Amino acid sequence: MIKKILWATAVLVTMQSTSAAPLFNGRNFDGWELKTTPAATMDQVFSVLPQGVIASTGQPGGFLATTKSYANFKLHVEWRWSGKPGNGGVLLHISDGPMDRVWPLSLQVQTKHGSAGDLLPMAGAAFAEPLTSAPGAEPRIKAKIAANSELAIGQWNVADIVARDGTVEVSINGVVQNRVTAVKPAAGRIGFQLEGAPYELRNIELVEQP
């Protein structure tokens, strides 16, 4: 009986620790904060559409970020361009510190049209692997490692991101596009970049890992 109880407890803990939780509640932006230059209000930049789709104007420049920090997690993001495709990104490990213009110290998973899966260490962030951009060039980039796996304009793209103990792996539409180790900072908030192009988000889910 004791063994059965212990097993049942272990299963319950495992289920609780691996269940996906939506980062957006589908109604409003509780648990998120917006930082832009010039300053804008949340309802000027983001809106909630039917089925919980989040629509962004993509401007002014800045970012939307969770108020909670994360270290080890699996993150699922779906995005599409609602107008002319442009530039954007998922920001990981957002931390206090220097800024890269209007964007924070973080690791950016690029969603820029034609470059989805590139990784950019922002504002002093770093990782062990060499950059593929030219020495001294800005932005600093580690390009994706596979052929472009983005879908046609207007279709929903999927980014699956795994972060664990300073290692980050990124898949775009099921294709592994990048992996880096010894990421610094190794924890922080999660966010979405605003860089001029309107886009939509849906099914933003996170599973925290022990």
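Since the structure is predicted, the reported quantities are computational estimates derived from the model, not experimental observations.
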Return the CD1 to CD distance between I94 and Q193, rounded to the nearest 0.5 Å. 10.0 Å

Could you label the plane-to-plane angle of the Y199 and F46 rings as parallel, tilted or perpendicular, counting under 30° as parallel and over 60° as perpendicular? perpendicular

Please report the interatomic distance NZ(K142) to CG(L131), rounded to the nearest 0.5 Å. 9.5 Å

Side chain to side chain contact (heavy atoms under 4.5 Å, CB included) evaluation trace for N157 with T111: CA-CA 9 Å; N157 291 285; T111 59; over 6 Å; no

Distance-only donor-acceptor check, side chains T181 and E129, under 3.5 Å: yes

Hey, are E150 and K112 close enough for a salt bridge, meaning a charged N less than 4.0 Å from a carboxylate O? no

Kindly give the heavy-atom pair with the smallest separation between A125 and L105, and that separation in Å. N-CD1, 3.4 Å

Here the pair of heavy atoms bringing P85 nearest to I153 is CG-CD1, 3.5 Å

Between N203 and F24, is any pair of side-chain heavy atoms under 4.5 Å apart? no

Looking only at side chains, do D118 and N178 share a donor and an acceptor under 3.5 Å apart? no

From Q108 atom CD to L92 atom CG, the distance as rounded to the nearest 0.5 Å: 9.5 Å

Taking the side chain from T36 and the backbone from A40, do they hold a donor-acceptor pair closer than 3.5 Å? yes

Between L49 and E200, is there a side-chain heavy-atom distance shorter than 4.5 Å? yes

Do the ring centers of F63 and F192 come within less than 6.0 Å of each other? no

Backbone N or O of P185 within a donor-acceptor pair of the H93 side chain at under 3.5 Å? yes

Nearest-0.5 Å distance, CG of residue L120 to CG of residue L107: 8.5 Å

Please round to the nearest 0.5 Å and tell me the distance separating atom CG of L206 and atom OG1 of T66. 9.0 Å

Distance from T41 atom OG1 to L34 atom CG, nearest 0.5 Å? 8.0 Å

What residues, two or more places apart in sequence or in another chain, satisfy salt bridge (Lys or Arg N to Asp or Glu O under 4.0 Å) together with R202? E78

Among side-chain atoms of N87 and E195, is any donor-acceptor pair under 3.5 angstrom? yes

Provide the closest heavy-atom pair for Q59 versus V45 in the form atom of the first, atom of the second, distance. O-CG2, 3.7 Å

Do side-chain atoms of W103 reach the backbone of G62 as a donor and acceptor pair under 3.5 angstrom? yes

pair I54-V48: side-chain heavy atoms closer than 4.5 Å: yes

